Visitor: 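Dumping the structure here so I can ask a few things about it.
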Amino acid sequence: MTLLPPIPDRSIRICADRGGTFCDVFATFPDPHNPDQEKDVVVKLLSQDPGNYRDAPTEGIRRVLEIATGEKIPRGTVLPTDKIDYIRLSTTVATNALLERKGHKHALLITKGFKDLLLIGNQARPKIFDLNIRRPPPLYSTVVEVDERVTLVGYTSDPNAEEHAVQFSEDGKSVKRGYRGKGWDRVGDAEGPGEIVQGLSGEAVRILKKPDLDALKKDLERLYAEGYRSLAIVLVHSYTFPDHERAIGTLARSLGFTHVSESASLLPMIKMVPRGVSSTADAYLTPILREYLDGFFKGFDEKLQDGRLRSPRVEFMGSDGGLLDLNNFSGLKSILSGPAGGVVGYALTSWDEKDGRPIIGLDVGGTSTDVSRYYGRYEVVYETTTAGVTIQSPQLDINTVAAGGGSRLFFRNGLFLAGPESAAAEPGPVCYRKGGPLAVTDANLLLGRLIPDYFPKIFGKSENEPLDVETTTREFEKLAKEINDSVGEGKEMPLDEIVYGFIKVANETMCRPIRALTEARGHATSQHVLASFGGAGGQHACEIAQLLGIRTILIHRYSSILSAYGLHLADRAYELQEPSSTFYTPQNHPSLISRLDKLMEQVIAELKRQGFEGSRVKVERMLNMRFEGTDTALMILPGEDGDDDYEKAFKKAYRTEFGFLLDTKSIIVDDIKVRGIGKTFDTLGETVYSEAARLGAESRTRLLSAKTHADSHYGVYFDKLGRVDQTPVFLLDKMEVGDVVEGPAMVIDNTQTIVVVPGARALLTSRHLYITMEA
């Protein structure tokens with residue numbers, strides 16, 4: 001390996017996305033031959049290849065360091081970190097643990113009398129007519145009831161009540177409850193039956209029974225002896241009075257429990273069931289995530305005693321699209337860690353406020369396809385159900401369907417099926433040379449939409465063999481015989497038509513979540529731009545756009561690793577939340593704004609500590625609002641005019657979501673939240689739409705000839721045309737800004753293959769392939 005001029009210390013920035021099939025790594029560092037310019041490096045490798053490396057992100061970072069320094073670093077070597085500025089990671093470790101039910105054994109500590117609360121749940125019946133309902137088991141392994149109890153002293157539904165439903169005397173020894181204009185009624189004294197204190201939400205809380213920590217210590221010692229090291233603590237009304245949870249958590253940690261999820265600390269919200277389920281999910285997933293990260297950190301040379309890296313800085317992608325440090329990263333916040341990076345990547349590179357068209361993100365990976373929508377801000381949901389577990393935590397609104405490059409192909413009961421089973425990374429599709437089953441990737445290979453000569457030769461036992469066309473052809477011929485035998489004589493279909501039939505099924509499956517995000521919510525799908533990415537996205541993007549009536553497709557230069565590239569662009573996020581239990585009235589509005597101001601000060605101070613201040617900090621102030629008598633709250637940002645009119649914004653959002661308003665009902669604020677965002681980049685330059693228009697206006701476009709500019713020609717199958725034997729293949733790296741390719745054609749680089757169908761026109765801009773479809 002050639003020794004390059006030395007690069008400065010702390011100058012390599014590395015972003016790694018560990019997906020279900022592939023691990024993608026994007027890195028940038030000063031060009032050794034031209035230090036004023038940055039050099040980008042892309043590394044793509046299998047997420048699982050135990051015969052060659054233990055951990056894919058670590059192996060990817062090793063390869064980046066070899067490329068950047070020009071020095072050979074043997075596998076298994078503890079990696080030097082002196083040249084690394086930061087490492088950013090997104091991982092599916094917690095997601096897979098939840099899907100496969102392979103999380104950490106943990107115990108649930110809950111208020112006495114509520115032992116079965118999380119098992120009962122909210123009684124939702126998603127399959128109400130199913131005669132054989134199989135409810136997934138709870139995540140916890142055992143339950144310990146804690147003999148403690150607090151209760152709320154008073155509550156009034158009168159929207160004209162004082163700021164809180166109760167009011168404390170100046171000496172703090174008595175509380176009153178009353179109504180404006182009608183005086184106050186004495187409720188109780190601190191010396192009465194049970195101490196009365198003011199909760200975090202402003203409600204008065206009567207402490208009926210404190211937990212007996214000596215008795216609880218014996219229960220915890222028994223759990224520890226049985227091998228439990230993780231706990232979830234969920235107590236009644238802890239959202240406003242968390243003292244009992246804190247005391248139990250402190251005791252558990254002193255006894256050696258390595259992870260304790262206190263529900264009030266993790267999620268200070270009123271509803272006990274979602275708060276409890278989320279806490280058990282955190283206790284189930286975070287230890288698994290920490291074990292993985294501990295193993296990851298062992299691969300580097302500079303560590304503190306607790307196993308963390310002293311330097312470089314390590315950051316993680318959260319489910320809400322913001323970067324988190326290790327202290328704030330948990331299993332609960334990592335459910336959508338991988339897909340979130342891709343959403344950030346396409347949102348920051350595809351959106352143009354002047355153009356105004358909303359973006360559909362289509363992430364076609366190896367195991368699944370993730371679909372999302374961006375219209376100037378991230379669409380966030382606060383309650384999601386994953387693998388039968390309803391979790392209350394902010395996550396990007398991403399719809400996932402089990403259709404990707406690794407989706408297995410079946411012929412059952414006369415039907416072509418693609419997925420939901422996946423060939424995954426190990427063993428992978430047939431063409432990976434590991435004895436795997438037929439998958440969508442195999443179909444694309446046989447149709448000429450993947451070309452072995454241009455595809456990375458990373459397969460086989462020695463990791464240096466190309467895709468296996470012969471075995472794939474043989475397996476498809478067996479399947480074709482089975483299909484043709486079932487349809488009877490005279491109706492046999494040729495092999496290409498059968499293989500393309502599976503691609504059509506996969507395409508329709510991928511369209512389903514797109515329609516759910518658009519048409520099902522009142523948006524015209526055809527008025528969107530399709531931003532396609534993921535390793536398999538380029539092979540399906542044009543045909544999916546045709547099915548949906550979309551005219552514009554954007555494929556980023558780094559589309560196959562856009563989740564990793566999104567980590568490079570992502571912003572740091574920090575948020576705080578408090579319970580409220582307050583009516584939204586003109587009288588209470590100043591108090592709510594004052595509480596938001598205090599939270600905002602804390603958020604800004606924390607981001608400043610992390611290196612973000614001034615114009616690089618953006619703050620969102622939210623109220624979680626609902627109509628009285630309902631249990632569906634919406635997290636509301638104020639109106640765009642910035643007048644803090646949350647009521648107007650709430651009613652607009654409620655009407656959009658449900659189609660009606662409850663005008664006779666008062667509005668209750670359950671929680672207040674402030675989210676701070678530290679901007680990584682001040683600007684990302686000219687937008688793709690502006691650049692495409694400018695290239696056309698300046699006559700800087702050039703139509704490439706299939707004869708003189710194509711790198712080669714290959715036989716590719718297209719719908720209605722059949723197999724086009726002389727389909728031109730253009731190399732993306734050899735194309736120049738302004739070059740135009742008209743379909744049918746293929747555009748290829750080291751990590752992606754893009755199929756340009758007949759009737760499509762692809763313009764190369766500085767960062768995208770800008771594809772327009774004929775009407």
Side-chain angles (χ1 to χ4, degrees), residues 12-29 39-49 52-53 55-68 84 86-93 95-96 292 296 314-317 321 323 334 336-349 361-370 398 404-406 422 424-426 428 432 441 450 455-456 458-459 463 531-539 555-570 732 748-754 767:
I12 306 176
R13 294 170 291 280
I14 302 174
C15 303
D17 168 51
R18 185 184 185 277
T21 304
F22 282 99
C23 176
D24 302 330
V25 182
F26 173 82
T28 180
F29 54 87
K39 184 175 182 179
D40 295 346
V41 171
V42 172
V43 174
K44 200 173 185 74
L45 63 159
L46 292 172
S47 293
Q48 298 178 50
D49 196 351
N52 292 288
Y53 43 80
D55 177 65
T58 305
E59 170 64 13
I61 293 170
R62 183 192 70 82
R63 297 183 188 183
V64 167
L65 292 176
E66 282 192 341
I67 295 170
I84 303 176
Y86 63 67
I87 299 173
R88 292 179 175 175
L89 289 175
S90 61
T91 175
T92 58
V93 170
T95 314
N96 293 339
Y292 168 73
F296 172 78
V314 180
E315 300 170 322
F316 305 91
M317 175 58 73
L323 292 171
S334 71
L336 292 182
S337 175
V343 175
V344 172
Y346 86 77
L348 296 183
T349 59
L362 178 72
D363 180 4
V364 187
T367 306
S368 62
T369 293
D370 299 315
I398 300 174
S422 174
E426 186 74 24
Y432 282 15
T441 297
L450 291 175
F455 206 85
I458 58 174
F459 305 101
E463 289 186 286
S532 172
F533 56 105
Q539 291 120 62
I555 301 181
H556 196 276
R557 279 183 178 269
Y558 296 133
S559 74
S560 69
I561 57 131
L562 200 64
S563 289
Y565 186 67
L567 286 169
H568 174 67
L569 302 178
L732 187 62
I748 295 178
D749 69 5
N750 291 332
T751 63
Q752 62 183 329
T753 299
I754 301 164
R767 290 180 294 176

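Values reported hereafter were calculated over all heavy atoms of this structure, with side chains retained and with hydrogens, waters and symmetry mates removed. For clarity, every value in this text was computed on a predicted model and none was experimentally measured.
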Visitor: Please enumerate all residues that pass side-chain hydrogen bond (donor to acceptor under 3.5 Å, both in side chains) together with Y565, with sequence neighbours excluded.
Guide: none

Visitor: In Å, rounded to the nearest 0.5 Å, how long is the span from CG of N52 to CG of L46?
Guide: 9.0 Å

Visitor: Check whether the side chains of D55 and Y292 place a donor and an acceptor atom closer than 3.5 Å, and report yes or no.
Guide: yes

Visitor: Please identify each residue that fulfils side-chain hydrogen bond (donor to acceptor under 3.5 Å, both in side chains) with T28, with sequence neighbours left out.
Guide: E38, D40

Visitor: What are the two closest non-hydrogen atoms of V344 and G321, and how far apart are they?
Guide: CG2-O, 3.5 Å

Visitor: Within the distance-only criterion (no hydrogens, no angle test), does the side chain of S532 pair as donor or acceptor with the backbone N or O of I555 below 3.5 angstrom?
Guide: no

Visitor: Using modelled atom types and a 3.5 Å cut-off, is there a donor and acceptor pairing between side-chain atoms of Q752 and backbone atoms of R557?
Guide: yes

Visitor: Got V343 and D370 here, is their nearest side-chain heavy-atom distance under 4.5 Å?
Guide: no

Visitor: How far apart are the C-alpha atoms of Y558 and T349, what are their side-chain angles, what is the distance that settles it, and do they pass the side chain to side chain contact (heavy atoms under 4.5 Å, CB included) test?
Guide: CA-CA 11 Å; Y558 296 133; T349 59; over 6 Å; no

Visitor: Which atom names give the shortest non-hydrogen contact between S559 and F533, and what distance separates them?
Guide: O-CB, 3.2 Å

Visitor: How far apart are the closest heavy atoms of S560 and T751, and which atoms are they?
Guide: OG-OG1, 2.7 Å

Visitor: To check you understand the geometry: which heavy-atom pair defines the closest contact between G406 and T441, and what is its length?
Guide: N-OG1, 4.3 Å

Visitor: Would you call R62-E59 a salt bridge at under 4.0 Å N-O?
Guide: yes

Visitor: As an exercise, state the distance from OG1 of T753 to CZ of F455, rounded to the nearest 0.5 Å.
Guide: 6.5 Å

Visitor: Please determine which of M317, E315, R13 meets the side chain to side chain contact (heavy atoms under 4.5 Å, CB included) test together with L567.
Guide: M317

Visitor: Write down the atom of S334, the atom of T95, and the distance for their closest heavy-atom approach.
Guide: O-OG1, 3.7 Å

Visitor: Atom CD1 in I398, atom OG1 in T369: separation rounded to 0.5 Å?
Guide: 12.5 Å

Visitor: Under 3.5 Å, side chain of S563 to main-chain N/O of G342, donor-acceptor pair present?
Guide: yes

Visitor: Side chain to side chain contact (heavy atoms under 4.5 Å, CB included) for I12 and V64? Distances and angles first, verdict last.
Guide: CA-CA 9 Å; I12 306 176; V64 167; 4.2 Å; yes

Visitor: How long is the gap from NE2 on H568 to CG on L348, to the nearest 0.5 Å?
Guide: 11.0 Å

Visitor: Taking all atoms of both residues into account, what is the closest heavy-atom pair of G345 and L569, and its distance?
Guide: O-CD1, 4.4 Å

Visitor: CG of L323 to SG of C15: how many Å apart, nearest 0.5 Å?
Guide: 8.0 Å

Visitor: Return the CG to CG distance between D17 and L562, rounded to the nearest 0.5 Å.
Guide: 10.0 Å

Visitor: Using the side chain to side chain contact (heavy atoms under 4.5 Å, CB included) rule, take T91 and F316 through it: C-alpha gap first, then chi angles, then the decisive distance, then the call.
Guide: CA-CA 8 Å; T91 175; F316 305 91; 5.8 Å; no

Visitor: Could you walk me through whether I87 and F296 pass the side chain to side chain contact (heavy atoms under 4.5 Å, CB included) check?
Guide: CA-CA 12 Å; I87 299 173; F296 172 78; 4.2 Å; yes

Visitor: Counting distance only, does the side-chain N/O of S47 pair as donor-acceptor with the main-chain N or O of R18 below 3.5 Å?
Guide: no

Visitor: Any pair with a residue in residues 19-28 that passes salt bridge (charged side-chain N to carboxylate O under 4.0 Å, His left out), sequence neighbours left out, goes on the list, sorted by first then second residue, please.
Guide: D24-K44

